[in-house]
Amino acid sequence: MKKILTGIKPSGVIHLGNYLGMIKEVIEFQGKYEIFLMIADLHAQTVPYSPKELRKLTLDIAKSLVALGVDPKKTVLFKQSDVPAHLYLYWILGCLVSEGDLRRMHEYKEQKEKHKENVGAGILMYPVLMAADILIYNADLVPVGKDQEQHLELTRELVRKFNNKFGKLFKIPQVYIPSETSKIMSLTNPLKKMSKSEPEGCLEIFENEKRIKEKILKAVTDSEAVVKYDPEKKPGISNLMTIYKYLTKKSYHEIEEEFKNKGYYEFKLAVYKAFMNFFKEKRERKKRLSDSYIQKLLILGAKKANKVANENLEKILKATGLR
Ligand code: ATP
Ligand code: MG
């Protein structure tokens, strides 16, 4: 069976962008691929964080994933830090990567701008760890949101470099980016992507209902009062339309017809109702999952992930002269 690796950082709680950009694809691929889904706790350390909060968020994200439909019988759900082989390969790849390539990464530039006084080398090196995450499983496919495209290109480049130098050990992983929902925009700034680390603009899936309604009704739009899909001129409304389209399975044209001669308030109210309707069961399911059950799942997941990763690591150590 072909393999998938992907992950999510416990840097905040799961939002609609995470679901539409990556999680729904993973769920769709279950049973068709061998899936490794990691809670990327090492990646979460690249920006300022509190240990207590990291522990809490790690468990919360794992629980949310299961509530959303990640099936632990079909998907290996694990914590990145539970599989040390990732870090071993990270070092090896870090010695191959060009420092200039890392400085060109968009996310590095953004984070550097955001955390001026607090930029550790981890932010610069993070795409190398991401390459190691993927390659330690020799994954065939990596489902991610559009923001990760550049990092995937770097991974592919690292495979070429590694294979040229040490023999053809790795496959070049394919990136899988959903066509319409790969970049859900922030509700407070529709020119920026929705990001866990900026919770004000996030539509958090398990947030209380009152906040969800408030956030949708307050979403930044424009002054035209016409529900029309035009991402260039109307990024806020178009973003809400993309969300509504996925939740209701209607086309953009149908949505435009539905809200012809109606105001933004009515449209936003419909988005809120569609959201609650779509996630109702999943939100209920999360309440029923216990911490101890999730902790057991993560331990079991780590066992399975370690087995595959360590087998590959042996080959890597031999090929690179360390064994
Ligand atoms: P952070 O702000 O800490 O980087 P994040 O919201 O970007 O958090 P990640 O954990 O970095 O979330 O990413 C998890 C997955 O969700 C990745 O595959 C990423 O591409 C995808 N993703 C993140 N934000 C969006 C978005 N706004 N639209 C679509 N996909 C997204
Ligand atoms: Mg991110």
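Both ligands and their constituent atoms are indexed starting at 1 by order of listing.
- Cation-pi geometry between Lys282 and Phe278 is met: the NZ or CZ atom falls under 6.0 Å from the ring centre, inside 45° of the normal.
- Between the side chains of Glu200 and Thr188, not a single donor N or O lies within less than 3.5 Å of an accepting N or O.
- Across every non-hydrogen atom of Leu169 and Ala319, the tightest pair is CD2-CB, 4.0 Å.
- Residues Glu207 and Arg283 are not paired through a salt bridge, judged by the lack of any N-O separation under 4.0 Å between the basic side chain and the carboxylate.
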Ligand 1: protein N/O within less than 3.5 Å of ligand N/O:
from: ligand 1; atom 1: 2 (O); to: Ser197; atom 2: N; distance (Å): 3.1
from: ligand 1; atom 1: 2 (O); to: Ser197; atom 2: OG; distance (Å): 2.5
from: ligand 1; atom 1: 3 (O); to: Lys9; atom 2: NZ; distance (Å): 3.4
from: ligand 1; atom 1: 3 (O); to: Ser11; atom 2: OG; distance (Å): 2.5
from: ligand 1; atom 1: 4 (O); to: Lys9; atom 2: NZ; distance (Å): 2.9
from: ligand 1; atom 1: 6 (O); to: His15; atom 2: NE2; distance (Å): 2.7
from: ligand 1; atom 1: 6 (O); to: Asn18; atom 2: ND2; distance (Å): 3.4
from: ligand 1; atom 1: 6 (O); to: Lys196; atom 2: N; distance (Å): 2.8
from: ligand 1; atom 1: 7 (O); to: Lys193; atom 2: NZ; distance (Å): 2.7
from: ligand 1; atom 1: 8 (O); to: Lys196; atom 2: NZ; distance (Å): 3.1
from: ligand 1; atom 1: 10 (O); to: Lys9; atom 2: N; distance (Å): 2.9
from: ligand 1; atom 1: 10 (O); to: Lys196; atom 2: NZ; distance (Å): 2.5
from: ligand 1; atom 1: 12 (O); to: Asn18; atom 2: ND2; distance (Å): 3.2
from: ligand 1; atom 1: 12 (O); to: Lys196; atom 2: NZ; distance (Å): 2.9
from: ligand 1; atom 1: 16 (O); to: Asn18; atom 2: ND2; distance (Å): 3.2
from: ligand 1; atom 1: 18 (O); to: Gly145; atom 2: N; distance (Å): 3.3
from: ligand 1; atom 1: 20 (O); to: Gly145; atom 2: N; distance (Å): 2.8
from: ligand 1; atom 1: 20 (O); to: Asp147; atom 2: OD1; distance (Å): 2.6
from: ligand 1; atom 1: 24 (N); to: Lys193; atom 2: NZ; distance (Å): 2.8
from: ligand 1; atom 1: 24 (N); to: Met194; atom 2: O; distance (Å): 3.4
from: ligand 1; atom 1: 27 (N); to: Ile184; atom 2: O; distance (Å): 2.7
from: ligand 1; atom 1: 27 (N); to: Met194; atom 2: N; distance (Å): 3.4
from: ligand 1; atom 1: 27 (N); to: Met194; atom 2: O; distance (Å): 3.0
from: ligand 1; atom 1: 28 (N); to: Ile184; atom 2: N; distance (Å): 2.9
from: ligand 1; atom 1: 30 (N); to: Gly17; atom 2: O; distance (Å): 3.1

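- In this structure the side chain of Val227 reaches within 4.5 angstrom of the side chain of Met241, judged on heavy atoms.
- Other cluster members for Tyr49: Leu54, joined by side-chain heavy-atom distances under 4.5 Å among Ile, Leu, Val, Met, Phe, Trp and Tyr.
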